[in-house]
Visitor: 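The structure under discussion is supplied below as structure tokens; questions concerning it will follow.
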Amino acid sequence: MDSPIMTAAQGMPDWQSIIKTENFDLLGAYDDPGLRFAVPKAARLASKLDGTPDFHLEFISDQNIESADECQYAMLTMGLEKSCDLAPACEALKAAGSGAALLPCTFTTGCHVHFELNDTHVSAPFAWQDAGRATLNARLPADTALLFYGALDHGNLTVVRAAIECEVAAMLPRLDLQVRFDTGATLRALRQALDGNGAGMPFAALIRYLTAPPSGLFTFSATVGGAAAPQLALALAARLRLAFGRYMPCRRIDDGPYISLDLPATGVAACTNWDLRTPCLGAVPVALRYDPFSVLKSSVTRDKVSTFTRIPRLPDQLLTRRVTVASGMPEQLRNCEQITVNLQVTAAEAASGRSTPYSLDLYPSQPQAACLDLRYALVESKQPYRVSLTVVQYDDVIDGPWRDASDDYLFIDAGALPSPMRIVTVSAAAALLEEAVVTVGLRGAAADPGRLAATLERNCPSASFLVCATADAARLCVVAHNISAPANTITLDLPCHSVTLEQTAFSQYGPQAVPVEVRFHAGSTCVQLEFLPENADANSVLLEFSTATPTSQLNYFASSMFNNRYRFRVYSDREDASAPWSAFLPPERALVIGIDDDGARAEAMPSPQGVLAS
């Protein structure tokens, strides 16, 4: 049986083939059998440098007493981390017989954390930062904060549940059929069946419904059933989400992520036709298990993670609205001068009687959340305002559209950038930077290539770039330089998306598989060959060949991506009769060995993996 093709990582996640494990879903890579992506099923509460939980509940009150009962609202701050230990995922790949390289999957910026306290449900947005970490700043209503506070006091955290919702941008399953449906009638039928009260529908429920849709809802060019039905349901649900859907906060954690399907806008074709053979990149929402409360219960008391802030309100303050602005922008953007958030109070509401602007620079980034005080004319005002972003890049000033807002807390991340801009962040894990210096460059994204390059080292493990989402030709060129021998390099060519690079991103690291064929040219009919990997801590491997079984496969683990070669010799159990070792050979090619009276040697030109010379 041919071994998997060991190629450098390239491509993007693909829902076409999934390996499900307890802690990960392992997605294939689009058009690249040598690469897989690990989607974690859980996240965890982060820790501070001193080892204490990164969790803080602050009660805000305008009274002169310290009491949770008198608070107006509370601010919850906590750190989140992805569960990204790829060792179990690597073991799952080995068990499945795959030697593919493995990358952690990158989530989109539209992420939310959900809390359930008795019958109360609260959601808050956040964005994953460098190295799979995020800091959540969420405003909790007074009644929700009181439930939180009481649960912390009694240790009864079973009434408090949490979950994290993210989206995975990946290629949707492809099937050899076409689907046709009446756009308006189908969307109305789905809404009636799954979204009776207009609050959205669980994405998982939509997939279950589409696994066996009612007759007449869709017209297919071929019959689909059996194992292909779930793939068809995911392909349809994700395309509906992409074409007609939008995010909705979930109502129950057990339901998983929610979406809403909108009726077709004016001008949309009455009939929709999709060719499901066509590759389609879509965002699929996933829910991660998350339980910060068991960590809190076992390590800290309530007074260690909660505080009270008294803010006596003066008459002037009753006409002032304080808006807290938190930034999810990277700390360093290689090709951006400035990002500013603009707030504006309309003339009818402003204290000055004129349209009043306020602004705050998000990049270069603030060390923490900052506040803007908006002045209004009336205490009874609803106090709305408008928000926009301004981006300064090179000599261009790009102003984003205005949108209405009414919250006291604004979280601004890359998703708020003016279309079609997006941020691409490339990070390198500590284990990779122990072995290599990594250089990153963007090709085909914009002019000034000097500002679209970065070097990742131990003291600078990530770099971010501002790119145009319509730059389809843009690619990431990643080069790993051996620290001890910089001329020894490995190159990856990747799509222009945010990525965290581990050693597993390089096929030269980890499981290696080499097809071996022996040709007997002399009178011998069998031979034992000894193979020794290049890395110093590896053990040799013995393989036996004969004229009846002339082929086998050499399997070993390369613990260094720069020392992943091997060599061979004819085995002898007598040290004084040991044959000389061959030169080191790369594992990327199949090996043909000729056996003559005077020994064994590699023959002809080694052929590509999985294809033995005839």
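Count residues from 1 along the sequence. Both backbone and side-chain heavy atoms feed into the values below; hydrogens, waters and symmetry mates do not. Values in this document were obtained by computation on a predicted structure and should not be read as measured data.
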Visitor: Is it the case that the side chains of D361 and T340 hold a donor-acceptor pair, with the cut-off being a distance below 3.5 Å and no angle test?
Guide: yes

Visitor: Would you find a donor on one side and an acceptor on the other, under 3.5 Å apart, between the side chain of D195 and the backbone of A199?
Guide: yes

Visitor: Can you confirm whether L80 sits close enough to R44 that some side-chain heavy atom of one is under 4.5 Å from a side-chain heavy atom of the other?
Guide: no

Visitor: Which heavy atom in L281 sits nearest to a heavy atom in L242, and how many Å separate them?
Guide: O-CD2, 3.8 Å

Visitor: On a heavy-atom basis, which atom in F557 and which in G510 lie closest, and how many Å separate them?
Guide: CE1-CA, 3.4 Å

Visitor: Do we get R251 above Y258's six-membered ring, with its NZ or CZ under 6.0 Å from the centre and within 45° of the axis?
Guide: no

Visitor: Is there a ring-ring contact (aromatic ring centres under 6.0 Å, His included) between Y290 and H114? Walk through the geometry before answering.
Guide: CA-CA 9 Å; Y290 180 56; H114 303 283; over 10 Å; no

Visitor: Tell me yes or no: between the side chains of E58 and T309, is some donor less than 3.5 Å from an acceptor?
Guide: yes

Visitor: Between the main-chain N or O of G245 and the side-chain N or O of D262, is there a donor-acceptor pair closer than 3.5 Å?
Guide: no

Visitor: Can any side-chain N or O of Y385 pair as donor or acceptor with the backbone N or O of D407 at less than 3.5 Å?
Guide: yes

Visitor: Quick one, K82 and R133 - any side-chain contact, counting heavy atoms below 4.5 Å?
Guide: no

Visitor: Would you confirm whether Y363, through its side chain, and L333, through its main-chain N or O, come within 3.5 Å as a donor-acceptor pair?
Guide: yes

Visitor: Please check if the side chain of Q231 supplies one atom and the backbone of Q16 the other of a donor-acceptor pair under 3.5 Å.
Guide: yes

Visitor: Can a cation-pi geometry be assigned to R139 and Y409, taking NZ or CZ under 6.0 Å from the six-membered ring centre and within 45° of the ring axis?
Guide: no

Visitor: Say you draw a straight line from OG of S427 to CH2 of W128; how long is it, rounded to the nearest 0.5 Å?
Guide: 13.5 Å

Visitor: Is V437 close to R458 at the side-chain level, that is, under 4.5 Å between some pair of heavy atoms?
Guide: no

Visitor: Within this structure, what is the CG-SG distance for the pair L410 and C371, rounded to the nearest 0.5 Å?
Guide: 11.0 Å

Visitor: Which heavy atom of L362 sits nearest to which heavy atom of L389, and what is that distance?
Guide: CD1-CD2, 4.1 Å

Visitor: Backbone N or O of Y149 within a donor-acceptor pair of the R302 side chain at under 3.5 Å?
Guide: yes

Visitor: Go through F115 and F148 one step at a time and tell me if the ring-ring contact (aromatic ring centres under 6.0 Å, His included) criterion holds.
Guide: CA-CA 10 Å; F115 297 103; F148 228 125; 5.6 Å; yes

Visitor: Between K41 and D25, is a salt bridge (charged side-chain N to carboxylate O under 4.0 Å, His left out) present by the stated rule, with each step listed?
Guide: CA-CA 7 Å; K41 293 184 178 179; D25 281 341; 3.4 Å; yes

Visitor: Given salt bridge (charged side-chain N to carboxylate O under 4.0 Å, His left out), test D254 with R161 step by step and report yes or no.
Guide: CA-CA 10 Å; D254 290 339; R161 301 179 61 208; 2.8 Å; yes

Visitor: Between atom CD of E116 and atom CD1 of I253, what is the distance when rounded to the nearest 0.5 Å?
Guide: 4.0 Å

Visitor: Output yes when a side-chain donor or acceptor of T52 lies under 3.5 Å from a complementary backbone atom of K48, and no otherwise.
Guide: no

Visitor: Can you check whether T425's main-chain N or O pairs, donor with acceptor, with S498's side chain at less than 3.5 Å?
Guide: yes

Visitor: Looking at CG of L236 and CG of L210, how far apart are the two atoms once the value is rounded to the nearest 0.5 Å?
Guide: 5.5 Å

Visitor: Regarding E435 and Q503, do their side chains bring together a donor and an acceptor under 3.5 Å, going by distance alone?
Guide: yes

Visitor: What pair of heavy atoms forms the shortest contact from I207 to A237, and how long is it?
Guide: CG1-CB, 3.8 Å

Visitor: Is it the case that the side chains of H497 and T106 hold a donor-acceptor pair, with the cut-off being a distance below 3.5 Å and no angle test?
Guide: no

Visitor: Can you tell if the side chain of L417 reaches within under 4.5 Å of the side chain of V391, non-hydrogen atoms only?
Guide: yes

Visitor: How close do V39 and C105 get, counting heavy atoms only, and between which atoms?
Guide: CG2-CB, 3.8 Å

Visitor: If I compare all heavy atoms of G28 with all of R36, which pair ends up nearest, and what's the gap?
Guide: N-NH1, 3.2 Å

Visitor: Rounded to the nearest 0.5 Å, what separation is found between the CE atom of M248 and the OG atom of S260?
Guide: 5.0 Å

Visitor: Test side-chain contact (heavy atoms from CB on, under 4.5 Å) on T504 and C90 and set out the steps.
Guide: CA-CA 9 Å; T504 51; C90 288; 4.0 Å; yes

Visitor: As an exercise, state the distance from OG1 of T77 to CZ of F55, rounded to the nearest 0.5 Å.
Guide: 9.5 Å

Visitor: Between L432 and L456, is there a side-chain heavy-atom distance shorter than 4.5 Å?
Guide: no

